[in-house]
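Proteins get letters first, then strands, A, B, ... in listed order; numbering begins at 1 in each.
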Amino acid sequence: MKEVTYIQAINDALHEEMERDPSVIILGEDVGIYGGVFKATYGLLEKFGEERVIDTPIAESMIIGVSVGAALSGLRPVAEIQFADFISPAFDQLVQQAAKLHWRNNGALNVPMTVRCPYGGGVGGGVYHSQSVEAWFQIPGLIVVSPSTPYDAKGLLKAAIRCEDPVLYFEHKKLYRSIKEEVPEEEYIVPIRKARIARKGKDVTLISFGLMLYRSLEAALKLAEEGIEAEVIDLRTLYPMDKETIFDSVGRTRRAVVIHEAPKMGGIGGEIAAMLAEELFWKLDAPVKRIAGLDTPFPFAPTMENYYLPSTEKIVQGVRETCEA
Amino acid sequence: MKEVTYIQAINDALHEEMERDPSVIILGEDVGIYGGVFKATYGLLEKFGEERVIDTPIAESMIIGVSVGAALSGLRPVAEIQFADFISPAFDQLVQQAAKLHWRNNGALNVPMTVRCPYGGGVGGGVYHSQSVEAWFQIPGLIVVSPSTPYDAKGLLKAAIRCEDPVLYFEHKKLYRSIKEEVPEEEYIVPIRKARIARKGKDVTLISFGLMLYRSLEAALKLAEEGIEAEVIDLRTLYPMDKETIFDSVGRTRRAVVIHEAPKMGGIGGEIAAMLAEELFWKLDAPVKRIAGLDTPFPFAPTMENYYLPSTEKIVQGVRETCEA
Amino acid sequence: MELTREDLERLYDLLLLTRTLDDRLRRLFRQGRFEGTYFSAIGQEATTVVPTYLLKKDDFIGPAHREIGAMITRGVPIREVVCQVYARKESPDGGKMHPCTFGHPRYHILVPATLMAMQIPVAVGVALGYRNHRRDNLAVTFFGEGATCKGDFHEALNFAGVHKLPVVFICQNNFYAESVPLRLQTAAEDISVRAVAYGFPGVSVDGNDVLKVYEACREAFQRARSGGGPTLIECTTYRWYGHSDIDLAPYRPQEEVEAWKKKDPIPRFKRYLFEEGILTEEKEAEIIRRIAAEIDEAIDYAENSPRPDPEDVLKDVYATAL
Amino acid sequence: MELTREDLERLYDLLLLTRTLDDRLRRLFRQGRFEGTYFSAIGQEATTVVPTYLLKKDDFIGPAHREIGAMITRGVPIREVVCQVYARKESPDGGKMHPCTFGHPRYHILVPATLMAMQIPVAVGVALGYRNHRRDNLAVTFFGEGATCKGDFHEALNFAGVHKLPVVFICQNNFYAESVPLRLQTAAEDISVRAVAYGFPGVSVDGNDVLKVYEACREAFQRARSGGGPTLIECTTYRWYGHSDIDLAPYRPQEEVEAWKKKDPIPRFKRYLFEEGILTEEKEAEIIRRIAAEIDEAIDYAENSPRPDPEDVLKDVYATAL
Ligand SMILES: Cc1ncc(C[n+]2csc(CCOP(=O)(O)OP(=O)(O)O)c2C)c(N)n1
Ligand SMILES: Cc1ncc(C[n+]2csc(CCOP(=O)(O)OP(=O)(O)O)c2C)c(N)n1
Ligand SMILES: [Mg+2]
Ligand SMILES: [Mg+2]
């Protein structure tokens with residue numbers, strides 16, 4: 001075992017996958033010479049050279065379009081979008097091109113590509129360096145994952161790179177250096193579309209991922225003091241979701257609270273709540289609560305940012321209400 | 001009163017607004033010389049000239065970005081995106097630029113612009129000429145409307161043009177010439193964020209818009225024969241939604257079914273169901289059902305397209321299940 | 001490659017086949033024989049047939065919406081071309097796509113997304129793969145002048161220039177994007193000049209002159225294959241009919257249409273072939289007969305071939321079993 | 001406009017103010033006096049101060065992320081500039097945005113979205129409004145060479161060219177987009193050549209030479225105001241420090257940095273002013289003193305000014321009461 005940070009786990013996964021498979025390439029802004037603005041691609045250019053580690057111009061739509069083409073000609077591109085916020089110029093290529101290509105070609109062509117996107121708040125980034133944009137990509141043909149731990153960061157990135165479909169990999173900037181854990185030295189994969197029970201509990205299910213997972217776990221600790229035993233699910237795959245794990249847990253606890261950073265309206269919490277309201281309705285003992293970012297753009301000033309993001313306190317309060325209902 | 005088609009109502013609204021207010025301009029592909037591929041902008045170039053009716057190059061991101069700028073310098077642009085499917089290249093300018101500009105400038109600048117988007121299926125258009133993409137625009141700062149009748153098409157377009165915020169106006173291609181009704185000759189406006197009860201009923205609430213509204217109304221007629229009186233809500237504004245009307249209706253009927261064309265996962269039906277599951281939970285007597293497009297790209301061949309879209313029969317069946325639950 | 005007499009005859013054959021099939025499909029659409037719409041490329045055949053003919057069978061083609069000629073020249077059976085237009089189950093896209101979404105993965109022609117310019121960065125990415133794998137292939141992508149106004153065109157060509165990738169960009173400048181005339185599309189003096197911004201050559205040729213298109217492509221393909229990087233080739237040409245077959249193209253002066261019809265690439269090439277003694281009246285008659293029979297057979301086949309099953313829509317959303 | 005002696009002195013004053021404030025802000029950031037990050041524009045002052053000085057007060061400016069000089073030159077009180085960097089309630093953006101999102105709506109400078117090139121079509125749209133309203137204004141937008149690789153740049157310039165709009169595009173080519181050197185950004189021979197693709201003039205000037213920037217802007221602004229259409233002005237320049245102040249810029253050779261520091265626009269301009277007898281040691285000393293006092297006061301003001309209220313985030317999402 002080896003203790004690594006979340007960002008180190010990502011960097012390790014990239015090194016290992018590039019060593020294992022010469023068709024894996026990296027492209028994005030500042031990923032080569034600089035090793036990535038967060039150093040996720042550190043050391044790759046030196047080891048694998050300019051043909052496999054490509055510093056691109058500022059052109060996100062091109063980065064994704066070129067990745068699709070590269071995937072068609074036998075490469076396995078791992079594109080980096082410097083901040084998830086900057087994926088919007090590439091929305092078109094992702095949603096109309098990458099997502100639909102396999103289907104459009106009647107299954108005859110695959111698009112094995114990974115798009116790494118540093119996302120999330122709590123880092124003093126302001127509106128264009130903090131957004132959580134996973135809800136934009138609930139698009140058939142795409143897969144969206146987001147790890148919360150170093151173990152998963154490594155295992156899910158490997159799974160994404162080996163996947164035959166386009167995978168968006170959202171990595172939380174605030175977790176990069178704040179979370180450390182031991183991970184096996186030997187090879188492992190974390191399967192796509194499998195959520196994880198991060199904490200066992202019987203009274204209520206908290207469903208979350210990323211930074212909010214940690215706030216949910218903190219909330220669970222506090223709630224335990226009050227006698228509320230919360231189960232906490234770490235989603236890991238955000239689209240298409242692991243309904244089974246969610247339904248199994250909520251089926252037992254009969255209460256659910258979803259927590260995410262993105263604005264509440266139109267967030268993936270809506271999809272989860274809707275699934276529960278549609279398919280698990282008879283097992284619910286309380287309203288499905290959503291604790292989410294505000295329905296505003298993401299603010300910069302710390303006073304506002306703290307107010308914008310779900311706090312542990314807000315989660316505790318929300319879960320309490322759900323359990324009292 | 002004057003009997004008009006849905007497309008005629010749109011064309012009338014544009015003529016009237018351009019006459020009323022010289023700052024209203026039109027821009028988009030084929031909107032001038034050709035009068036629009038659906039003829040929505042027919043006659044405008046002749047009447048208002050090349051400076052106010054602009055045939056643009058194929059460049060949707062530019063169309064939206066230029067509209068934002070034009071709005072800042074005292075114009076009221078009404079952009080046409082030829083098919084809603086082609087709005088994806090402009091996603092960036094809409095979501096990062098237009099939506100956040102007023103907020104970013106601390107309220108000191110407004111962006112009064114309208115983006116007309118012909119959308120929807122049932123027209124043999126295939127994946128790039130049939131999509132319903134309203135769920136992409138659940139973004140704070142944007143307003144999304146979608147009329148289902150000629151009356152609303154006219155009144156909502158006028159409201160959009162006069163609105164100080166960016167409004168996406170989704171017009172259903174299949175309704176253009178298939179729906180006719182009498183509309184007043186005199187000036188009227190249909191307010192934004194007000195849903196409409198299209199049919200009164202007491203047993204269940206169907207929530208829909210666009211082409212699906214008609215299938216829902218048809219379903220309601222069939223269900224009436226079985227003794228189920230469905231209330232049918234025409235949403236009209238899709239974001240932010242008219243919660244009041246929805247809650248009032250479902251509060252009475254205690255059962256809700258949402259119907260839309262877009263894929264179920266990540267669709268706006270999820271947001272509605274989630275709102276109900278969160279805030280109206282105790283008044284629900286049955287699961288909230290969503291009847292929606294399949295979680296696939298939109299197919300061309302009629303055999304598949306018919307299967308993909310919610311049919312009246314599917315709606316009847318879904319409502320029946322909801323009422324029996 | 002140098003064109004032999006056989007090549008020249010074959011090219012004529014392919015041009016005629018493209019023209020004849022295109023014309024039949026137009027009529028079939030008007031007769032309501034298939035759904036959707038139809039984009040005719042009549043008048044523009046030289047710009048797709050000639051480049052495709054010069055490619056290797058496994059070179060990548062990224063088409064837009066008027067590349068029936070590329071499909072035919074690549075050797076896709078006519079039956080399959082018609083099945084595509086008819087959206088039958090046996091179509092290369094399984095009937096999932098709109099007619100004129102010409103493409104065939106097994107023939108290394110992408111079934112395109114029909115958003116303009118979207119295929120251009122994909123072709124560049126394919127070329128990147130060729131470079132990395134040291135494959136002696138090139139990627140070619142077709143598009144209209146309208147598509148050159150889009151951001152994807154710019155970003156993709158710029159990147160291809162930086163890495164001198166083996167990709168050739170072929171623009172069919174037919175002077176209109178649907179109804180929008182060139183003067184409202186760009187103030188640039190022509191389309192090929194756009195290449196200056198990317199540091200590689202751009203050339204403009206008469207796209208209705210088979211030999212001119214041949215020469216431009218030969219040079220560009222050679223340069224690309226030998227590591228010399230991309231070229232933007234502008235072929236000026238004209239579509240005889242509307243943007244699609246529901247468009248009567250009232251926005252074009254009749255004299256303009258007539259003048260361009262006089263520049264029809266096929267008779268021009270035919271004159272040359274006759275002058276050179278490569279083609280004779282008998283040979284041509286035989287080609288015409290063969291083509292007609294082949295097309296009849298293909299249409300008959302497609303019309304009687306099954307439509308997709310409703311549930312086919314659910315297939316192939318993902319390559320992975322999730 | 002012709003520059004008078006007063007103009008030249010004033011320009012020097014503004015350059016020095018920009019430089020001095022920028023340098024203070026850098027240091028304050030390193031001292032942890034404000035959150036986020038800081039983008040220094042030291043070395044590039046001439047490219048923002050000079051163009052802005054030549055504009056009318058109500059001409060539109062669409063900045064990117066290094067336009068502190070435009071804000072200062074436009075006359076935004078230094079207090080407000082510092083409040084912006086400090087994200088205080090009195091910032092023009094109410095503290096909503098990241099530092100260096102320089103802008104001020106009341107001064108006709110857009111608070112930009114910080115996605116590269118995104119402001120370019122907006123500036124073009126503003127120019128369209130000027131044209132339609134027959135207003136004798138022009139729109140100017142600033143961006144780095146990196147932004148010229150984006151689709152928005154292409155689409156916007158192409159459209160501006162078609163309509164000959166009163167807009168001027170000012171590219172500060174500092175040879176790097178963060179760490180990415182020009183050779184990996186484009187194979188074009190320079191940035192101004194990109195204008196060829198849009199049918200209007202492009203010029204490259206030494207962006208560290210105040211008078212050269214002045215001449216290029218004067219000509220371009222005049223042309224734009226008199227209906228002659230847009231110009232792309234490339235100002236070659238250099239940022240002395242990292243991309244932001246957490247970047248030590250290890251990707252640039254030290255000799256390169258030193259060579260560029262020798263081309264510092266401010267002493268170059270100062271020499272000229274001394275030679276022409278416009279500036280004297282006393283005058284300069286006085287300017288320096290005044291600037292220092294003004295900046296001290298502004299920082300003091302900002303540091304003691306209130307932070308936004310948490311609920312401010314909820315304000316101004318919509319202009320309309322919904
Ligand atoms: C992004 C996008 N916008 C608009 C359209 C609608 N559209 C289809 S073809 C076309 C014109 C294309 O013009 P050009 O590129 O010159 O090709 P041509 O049709 O002349 O061959 C347009 C506007 C589209 N398919 N994609
Ligand atoms: C769309 C987008 N992609 C990436 C970034 C991250 N980013 C911020 S500044 C920058 C480099 C900009 O380079 P250039 O345009 O040359 O301006 P400079 O910083 O050199 O002044 C990058 C990549 C961004 N802000 N927007
Ligand atoms: Mg064209
Ligand atoms: Mg730069």
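Proximity to chain A (any heavy atom under 4.5 Å) is restricted, for Lys315(C), to the backbone atoms N, CA, C and O. With a 4.5 Å cut-off on non-hydrogen atoms, Arg193(A) touches chain C through its side chain but not through its backbone. His154(C) does not touch chain A: none of its heavy atoms, backbone or side chain, sits under 4.5 Å away. Contact of Arg106(C) with chain A is not made at all, since no heavy-atom distance falls under 4.5 Å. Using a 4.5 Å cut-off between heavy atoms, Ile64(A) makes no contact with chain C at all. For Leu142(A), the part lying near chain C is the backbone, with the side chain staying farther off; criterion is any non-hydrogen pair under 4.5 Å. For Asp152(C), the part lying under 4.5 angstrom from a heavy atom of chain A is the side chain only. Leu322(C) touches chain A through backbone and side chain together, each having a heavy atom under 4.5 Å away. The contact between Ile192(A) and chain C is made entirely by side chain atoms (from C-beta outward), counting heavy-atom distances below 4.5 Å. Using a 4.5 Å cut-off between heavy atoms, Leu110(C) contacts chain A through both its backbone and its side chain. Heavy-atom distances place no part of Asn137(C) under 4.5 Å from chain A, backbone and side chain included. Proximity to chain A is absent for every atom of Thr101(C), based on heavy atoms less than 4.5 angstrom apart. Only the side chain of Met97(C) has a heavy atom closer than 4.5 Å to any heavy atom of chain A.
In this structure, Phe169(C) has its ring center at least 6.0 angstrom away from the ring center of Phe142(C). A distance below 6.0 Å separates the ring centres of Phe86(A) and His129(A). Ring-centre distance between Phe143(C) and Phe153(C): below the 6.0 Å cut-off.
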*Let me see the working for Thr73(C) and Thr52(C) under side-chain hydrogen bond (donor to acceptor under 3.5 Å, both in side chains), right down to the final yes or no.*
CA-CA 6 Å; Thr73(C) 307; Thr52(C) 307; 5.1 Å; no

*Start with the C-alpha gap between Phe209(A) and Phe170(A), add the side-chain angles, then the distance that decides, and say whether ring pair (Phe, Tyr, Trp, His ring centres under 6.0 Å) holds.*
CA-CA 10 Å; Phe209(A) 65 101; Phe170(A) 286 105; 8.6 Å; no

*Given Met71(C) and Gln84(C), is the side-chain contact (heavy atoms from CB on, under 4.5 Å) satisfied, shown in steps?*
CA-CA 11 Å; Met71(C) 221 174 158; Gln84(C) 173 137 31; 2.9 Å; yes

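No option in Tyr86(C), Phe39(C), Phe34(C) other than Phe34(C) meets the ring pair (Phe, Tyr, Trp, His ring centres under 6.0 Å) test with Phe29(C). Partner Lys96(C) forms a salt bridge (Lys or Arg N to Asp or Glu O under 4.0 Å) with one of Asp312(C), Asp309(C), Asp316(C) and no other, that one being Asp316(C).
Taking Gly141(A), Ser67(A), Pro240(A), Gly74(A) one by one and counting their heavy-atom pairs under 4.5 Å with chain C, the maximum is reached by Gly141(A). Comparing Leu128(C), Thr320(C), Val162(C) by how many heavy-atom pairs each has under 4.5 Å with chain A, the most go to Thr320(C). The most heavy-atom pairs under 4.5 Å with chain C, out of Ser61(A), Ala108(A), Ala98(A), come from Ser61(A). Among the candidates Pro105(C), Gly62(C), Pro92(C), the residue making the largest number of heavy-atom pairs closer than 4.5 Å to chain A is Pro105(C). Contact count against chain C (heavy-atom pairs under 4.5 Å) is highest for Asp92(A) among Leu27(A), Asp92(A), Val68(A), Ile63(A).
For Phe247(A), the CZ atom sits in a packed shell: over 12 heavy atoms of surrounding residues, nucleotides or ligands are nearer than 6.0 Å. More than 12 heavy atoms of other residues, nucleotides or ligands lie within 6.0 Å of CD in Glu303(C), so this atom counts as buried by the packing criterion.
Within the 3.5 Å criterion, the main-chain N or O of Tyr107(C) finds a donor-acceptor partner in the side chain of Arg74(C).
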